[in-house]
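Take a look at the structure below.
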Amino acid sequence: MRKRLLLPLCSLLAAPAFAAGLQVGVEIPRLEVAEYHRPYVAIWLEKPDQQHVADLAVWYDLKMKDKEGEKWLKDLRQWWRRSGRGLELPVDGVSGATRAVGTHSLSFAGDSAQLKDLPAGEYSLVVEAAREVGGRELLRVPFAWPPRQAEQHQAQGKSELGAVTLQLTP
């Protein structure tokens, strides 16, 4: 009787350790410009036909009075057309403050709100950055979900973004 209870309990406790997940690394490069502002960045998943699937993160100036920071989210043109204009910001678990120069990591477990209902198939991780008095850049990193083995994918930006990495764990 005791073994019957312990086995299902152990299975439940062990399940999250085997759940698929993804980890994203986004590098914000140091730019030598006269007037530097931290970039607004949107990170999302899309299908090969560029249909929006899920928002992973949106980094913008949350502290400006009267939600003035939201006004500039339109400069993230691709994200704004596919998702941003339909959102009521800030979005819990998605919205965050702009990030300083450096590499920033995000992790999502397979049972996270963004991934739990993601059907098997081909997708792209999309990272878009736009900066006041600066430029705009968008990178796509294609991948298959769910991963069958540990994988790493990468794209390299040229101006507003540095390296964007995607690690998948089965």
Side-chain angles (χ1 to χ4, degrees), residues 16-17 19-46 50 52-64 67-85 87-116 118 123-147 150-170:
L22 62 87
Q23 184 169 5
V24 177
V26 176
E27 180 184 12
I28 307 290
R30 178 172 304 282
L31 302 174
E32 298 300 326
V33 294
E35 185 178 346
Y36 180 79
H37 299 272
R38 290 180 178 185
Y40 280 25
V41 176
I43 305 167
W44 72 96
L45 301 178
E46 68 179 20
Q50 299 183 356
H52 176 270
V53 175
D55 288 310
L56 299 180
V58 180
W59 301 336
Y60 66 101
D61 194 341
L62 296 161
K63 294 186 175 179
M64 293 179 86
K67 296 185 174 186
E68 188 76 17
E70 292 178 16
K71 174 181 170 185
W72 305 108
L73 286 171
K74 294 175 187 169
D75 289 348
L76 297 167
R77 288 183 247 151
Q78 295 296 313
W79 173 77
W80 184 256
R81 288 183 194 133
R82 287 174 173 74
S83 175
R85 65 181 165 197
L87 293 176
E88 178 133 353
L89 295 162
V91 178
D92 190 32
V94 173
S95 299
T98 57
R99 306 293 167 99
V101 169
T103 300
H104 305 277
S105 297
L106 301 167
S107 293
F108 301 90
D111 60 352
S112 67
Q114 292 91 344
L115 300 178
K116 69 179 180 183
L118 192 65
Y123 296 94
S124 287
L125 169 76
V126 187
V127 180
E128 183 175 21
R131 191 170 49 83
E132 183 180 354
V133 195
R136 178 184 156 276
E137 187 166 24
L138 183 135
L139 295 174
R140 285 189 169 85
V141 181
F143 67 97
W145 184 261
E151 299 174 25
Q152 183 165 353
H153 304 274
Q154 183 171 344
Q156 181 64 46
K158 295 179 180 169
S159 57
E160 301 298 327
L161 292 168
V164 171
T165 59
L166 172 64
Q167 283 187 291
L168 301 166
T169 53

Whether the Asp61 and Thr98 side chains hold a donor-acceptor pair (N or O, under 3.5 Å, no angle test) is what I'd like checked.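 No pair is found: no donor N or O on one side chain lies under 3.5 Å from an acceptor on the other.
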Less than 3.5 Å apart, any donor N or O on the side chain of Glu137 or Ser159 sitting next to an acceptor on the other? yes
Does any part of the side chain of [Y], heavy atoms only, come nearer than 4.5 Å to the side chain of [X], both counted from C-beta?
| X | Y | value |
| --- | --- | --- |
| Gln23 | Ser105 | yes |
| Val127 | Val41 | yes |
| Leu138 | Val126 | yes |
| Val24 | Thr165 | no |
| Leu62 | Pro90 | yes |

Atom pair [atom1]/[atom2] of [X] and [Y] - distance to nearest 0.5 Å:
| X | Y | atom1 | atom2 | value |
| --- | --- | --- | --- | --- |
| Leu45 | Ser83 | CG | OG | 11.0 Å |
| Arg81 | His52 | CZ | NE2 | 14.5 Å |
| Ile43 | Leu106 | CD1 | CG | 5.0 Å |
| Thr169 | Gln152 | OG1 | CD | 12.0 Å |
| Trp145 | Tyr123 | CH2 | OH | 9.5 Å |
| Trp79 | Asp55 | CH2 | CG | 6.0 Å |

Show the nearest heavy-atom pair for residues [X] and [Y], with the distance to one decimal.
| X | Y | result |
| --- | --- | --- |
| Val101 | Pro29 | CG2-O, 3.8 Å |
| Ala109 | Leu115 | O-CD1, 3.5 Å |
| Pro147 | Pro170 | O-CB, 3.5 Å |

Hey, does the side chain of [X] reach the backbone of [Y] with a donor-acceptor pair shorter than 3.5 angstrom?
| X | Y | answer |
| --- | --- | --- |
| Glu128 | Gln78 | yes |
| Ser95 | Val91 | yes |
| Arg82 | Gln50 | yes |
| Glu27 | Ala163 | yes |

Could you go through Leu125 and Leu139, starting from their C-alpha distance and side-chain angles, then the distance that decides it, and tell me whether this counts as side chain to side chain contact (heavy atoms under 4.5 Å, CB included)? CA-CA 8 Å; Leu125 169 76; Leu139 295 174; over 6 Å; no
Could you go through Tyr40 and Val58, starting from their C-alpha distance and side-chain angles, then the distance that decides it, and tell me whether this counts as side chain to side chain contact (heavy atoms under 4.5 Å, CB included)? CA-CA 7 Å; Tyr40 280 25; Val58 180; over 6 Å; no
Is it the case that over 12 heavy atoms from other parts of the model lie below 6.0 angstrom from the CZ atom of Arg77?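 Counting neighbours around CZ of Arg77, 12 or fewer heavy atoms of other residues, nucleotides or ligands fall under 6.0 Å, so no.
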Apply salt bridge (charged side-chain N to carboxylate O under 4.0 Å, His left out) to Arg136 and Glu160, showing your working. CA-CA 6 Å; Arg136 178 184 156 276; Glu160 301 298 327; over 6 Å; no
Should Val53 and Trp44 be marked as a side chain to side chain contact (heavy atoms under 4.5 Å, CB included) after you check the CA-CA gap, both sets of side-chain angles, and the distance that decides it? CA-CA 7 Å; Val53 175; Trp44 72 96; over 6 Å; no
Any carboxylate oxygen within less than 4.0 angstrom of a Lys/Arg side-chain nitrogen, looking at Arg140 and Glu46? yes
Output, in order, the C-alpha distance, side-chain angles, deciding distance and verdict of side chain to side chain contact (heavy atoms under 4.5 Å, CB included) for Val141 and Val164. CA-CA 8 Å; Val141 181; Val164 171; 4.2 Å; yes
